[in-house]
Structures are given as C-alpha cells and as structure tokens.
Amino acid sequence: MTSKQEIRKMLRQRGPIGSAAEASAIIHRLKAHPQVHLARTLLIYSALPDEIPTQQLIDDFLREGKTVLLPRVISDTQMELRRYTGAADLQQGAFGIMEPSGELFTDFGQIDVAIIPGVAFDKEGHRLGRGKGYYDRFLPLLHNTYKIGVCYPSRLLEYIPIDEHDIPMDEIIS
C-alpha cells in the first residue's frame, strides 16, 4: 500500500499539473453547479500556483451578493475564516497564500458550500492535502456544509489512503 507521503512525492515528480483550459472548464462547472448557485455563504480558497485559480470566482461570488469566506492560517496547526470584501482585503500570509484581513467568521452552520483544494482527490471523495492538517482539523466543524473538492484531472486518483479523521468531500470537480 502506498502512503500519503509517497503519493505526494510521486505527484511532485510527475511534471505539469494541468492546463489553463482545464482550469477554466472546472471554474465554469463550479459557477454552474446548482449547490453553488443557491448558496448564500461560501467558503473558498486563495489558490497556490499548483491549484485551480480562484480569484475571479471569488470576485464573481462577491459581485453576486454572496458572503465569501477565505481561510487564514493563524498558527502551525490552525486556520480561521475571514469575510472577503474585495481585493484590498488580501495580504500575503502563510506559505505565500493571499489571505483576507476582513471580519472573523465563526458561524460555521451558515456555510452552504465549501470549495476545498487538495494535492489530489480520489473518486470516493477522499482528499490528499499538503500534510500540515489544516483542513483535516477544520472540516469536522462543517457539519451541514456541502463540500466540493477541486483539482486538475491529473490529480484525480483511483485511491488515496485514509485515516480515521479524514472527512470525504460530497463531490469532486476535476
């Protein structure tokens, strides 16, 4: 059996992750998704270079009047959610990720949809993160939230090993 660390190493060595056309198709599918369309409050992420780019989507959601939440790393083990109100909100934070400086958001029961990044996902909705455990510790707080994992098609794998604390996604878009 392959470990999560071995899968991460194999994916790093694989080369190009995905194309702009693939990213655009994924963003289009997200925008047209019925759960996303109906959502009033969304959790999304500021993308790293190897993730599906989200800034345009974030700004589109804000223009549509949705409450947009972004994670902000606050320690070696924890992240919090901040309300996004525009690009002026963003500042470079942990790991070079653009993070919001807006109002703290703690009413997790109000989050309708969470769009979650991953190094990879499998067809059962299991997520492979970067190994720090931020989302592993955070996802259990999202009891009634519809969770959508997003990744390039090359990062949708047959199998990812799971641990007892892993929370599967409700759906993967790749």
Side-chain angles (χ1 to χ4, degrees), residues 17-73 79-87 89-90 93-100 102 104-130 132-157 160 166-174:
I17 295 163
S19 68
E22 288 170 331
S24 179
I26 291 164
I27 295 297
H28 179 75
R29 286 180 59 205
L30 278 169
K31 287 176 89 168
H33 193 286
Q35 295 271 6
V36 172
H37 180 72
L38 293 173
R40 291 185 316 272
T41 302
L42 292 122
L43 165 60
I44 191 167
Y45 62 94
S46 290
L48 288 168
D50 62 347
E51 295 172 336
I52 302 298
T54 55
Q55 191 58 52
Q56 185 62 52
L57 193 57
I58 291 167
D59 289 332
D60 288 349
F61 290 156
L62 190 64
R63 269 192 299 282
E64 291 169 14
K66 297 180 185 297
T67 298
V68 179
L69 308 172
L70 297 173
R72 180 175 166 179
V73 171
M79 65 183 197
E80 64 185 9
L81 299 185
R82 296 279 174 161
R83 187 180 299 261
Y84 175 77
T85 59
D89 251 4
L90 297 175
F95 312 108
I97 299 169
M98 295 306 289
E99 296 180 332
L104 181 65
F105 187 92
T106 58
D107 190 1
F108 304 133
Q110 295 299 311
I111 302 171
D112 300 304
V113 172
I115 299 171
I116 308 293
V119 171
F121 293 89
D122 71 15
K123 294 175 179 165
E124 301 299 314
H126 302 120
R127 177 182 173 275
L128 178 68
R130 295 183 182 273
K132 297 281 187 184
Y134 289 103
Y135 279 97
D136 292 331
R137 284 182 282 281
F138 191 79
L139 287 173
L141 304 174
L142 303 180
H143 303 288
N144 301 314
T145 301
Y146 192 80
K147 295 173 248 346
I148 302 173
V150 292
C151 66
Y152 287 100
S154 67
R155 297 299 177 97
L156 184 61
L157 308 178
I160 291 175
D166 289 336
I167 306 284
M169 303 293 104
D170 296 299
E171 183 176 351
I172 307 301
I173 295 181
S174 70

Visitor: So how far is it from M169 CE to Y135 OH, rounded to the nearest 0.5 Å?
Guide: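 Taking CE in M169 and OH in Y135, the distance rounds to 9.5 Å.
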Visitor: Can you measure from CE (M79) to CD (E99) and round to the nearest 0.5 angstrom?
Guide: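 Separation between the atoms: 10.0 Å.
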Visitor: So if I apply the side chain to side chain contact (heavy atoms under 4.5 Å, CB included) rule between L43 and each of I115, V113, L142, which one comes out positive?
Guide: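 Looking at I115, V113, L142, the match for L43 under the side chain to side chain contact (heavy atoms under 4.5 Å, CB included) is L142.
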Visitor: Quick check: do I173 and H33 have side-chain heavy atoms less than 4.5 Å from each other?
Guide: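 Of all side-chain heavy-atom pairs linking H33 with I173, at least one is under 4.5 Å.
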Visitor: Taking the six-membered ring for Trp, are the ring centroids of F108 and F138 within less than 6.0 Å of each other?
Guide: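 Between F138 and F108, which both carry aromatic rings, the centre distance is below 6.0 Å.
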Visitor: Got a donor-acceptor contact below 3.5 angstrom from the R127 side chain to the I160 backbone?
Guide: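 Checked: no pair found.
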Visitor: For P168 and D166, which heavy atoms make the closest approach, and how far apart are they?
Guide: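 Answer, listing the atom of P168 first, then D166: CD-O, 3.8 Å.
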Visitor: What are the two closest non-hydrogen atoms of P71 and P100, and how far apart are they?
Guide: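 The pair with the smallest heavy-atom distance is O-CD, 3.5 Å.
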Visitor: Is there a donor-acceptor pair under 3.5 Å between the side chain of R82 and the backbone N or O of L70?
Guide: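 Checked: no pair found.
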Visitor: Which atom names give the shortest non-hydrogen contact between Q110 and F105, and what distance separates them?
Guide: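 Looking at all heavy atoms of both residues, the shortest contact is CB-CZ, 4.1 Å.
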Visitor: May I ask you to test the L81-I111 pair for a side-chain heavy-atom distance under 4.5 Å?
Guide: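 Yes, their side chains come closer than 4.5 Å.
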Visitor: Check A47 against P53 and note the closest heavy-atom contact, atom names and distance.
Guide: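 What the structure gives for the nearest pair is CB-CA, 3.8 Å.
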Visitor: Could you tell me whether the side chain of T54 and the main chain of L57 form a donor-acceptor pair under 3.5 Å?
Guide: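 Looks like no, no N/O pair under 3.5 Å.
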Visitor: Under 4.5 Å between any side-chain heavy atoms of I167 and K147, yes or no?
Guide: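 Sidechains of K147 and I167: in contact.
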Visitor: Looking at side-chain heavy atoms only, is the closest gap between V150 and I172 below 4.5 Å?
Guide: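 No. Closest side-chain heavy atoms not under 4.5 Å.
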Visitor: Hey, what do you get for CD1 (I58) to CG (L69), rounding to the nearest 0.5 Å?
Guide: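 Here the interatomic distance stands at 10.5 Å.
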Visitor: Does the side chain of L104 come within less than 4.5 Å of E80's, by heavy atoms?
Guide: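 Side chain of E80 against side chain of L104, heavy atoms only: contact under 4.5 Å found.
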Visitor: Find the distance between CD1 (I97) and CG (L90) and round it off to the nearest 0.5 Å.
Guide: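 It comes to 12.0 Å.
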Visitor: Taking atom types as modelled and ignoring hydrogens, do the side chains of Y146 and E171 form a donor-acceptor contact shorter than 3.5 angstrom?
Guide: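 E171 and Y146 do have a side-chain donor-acceptor pair below 3.5 Å.
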Visitor: With a 3.5 Å distance limit and no angle check, can you tell me whether S46 reaches the backbone of M98 through a side-chain donor-acceptor pair?
Guide: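 Judged by distance alone, yes, a pair lies under 3.5 Å.
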Visitor: Using side-chain heavy atoms (C-beta onward) and a distance below 4.5 Å, is R155 in contact with D122?
Guide: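 Counting from C-beta outward, R155 and D122 never come under 4.5 Å.
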Visitor: Ignoring hydrogens and geometry beyond distance, is a side-chain donor-acceptor pair present between D59 and Y84 at under 3.5 Å?
Guide: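 Distance-only check passes for D59 and Y84.
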Visitor: Measuring only between side-chain heavy atoms, which start at C-beta, is Y45 closer than 4.5 Å to I116?
Guide: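 No, too far: nothing below the 4.5 Å cut-off.
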Visitor: Quick check for you: to the nearest 0.5 Å, what is the distance between D60 atom CG and K66 atom NZ?
Guide: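 Rounded to the nearest 0.5 Å, the CG-NZ separation comes out at 11.0 Å.
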Visitor: Got a sec: does the CZ of R40 have more than 12 other heavy atoms crowding it under 6.0 Å?
Guide: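 For R40, atom CZ is not crowded (no more than 12 foreign heavy atoms under 6.0 Å).
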Visitor: I'd like to know whether F121 forms a side-chain contact (heavy atoms from CB on, under 4.5 Å) with L157, so could you lay out the CA-CA distance, the side-chain angles of the two residues, the decisive distance to 0.1 Å, and finally the verdict.
Guide: CA-CA 6 Å; F121 293 89; L157 308 178; over 6 Å; no
Visitor: Rounded to the nearest 0.5 Å, what separation is found between the CG atom of D112 and the CD atom of Q35?
Guide: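 Going from CG on D112 over to CD on Q35, the span is 8.5 Å.
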Visitor: Any idea which heavy atoms bring I26 and P153 closest together, and the distance?
Guide: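 Distance-wise, the nearest heavy atoms are CD1-CD, 4.3 Å.
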Visitor: More than 12 non-hydrogen atoms from neighbouring residues, nucleotides or ligands closer than 6.0 Å to CG on D107, yes or no?
Guide: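 For D107, atom CG is crowded (more than 12 foreign heavy atoms under 6.0 Å).
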Visitor: Side-chain contact test, heavy atoms from C-beta onward, threshold under 4.5 Å: evaluate it for R130 versus L48 and give yes or no.
Guide: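 R130 reaches L48 side chain to side chain.
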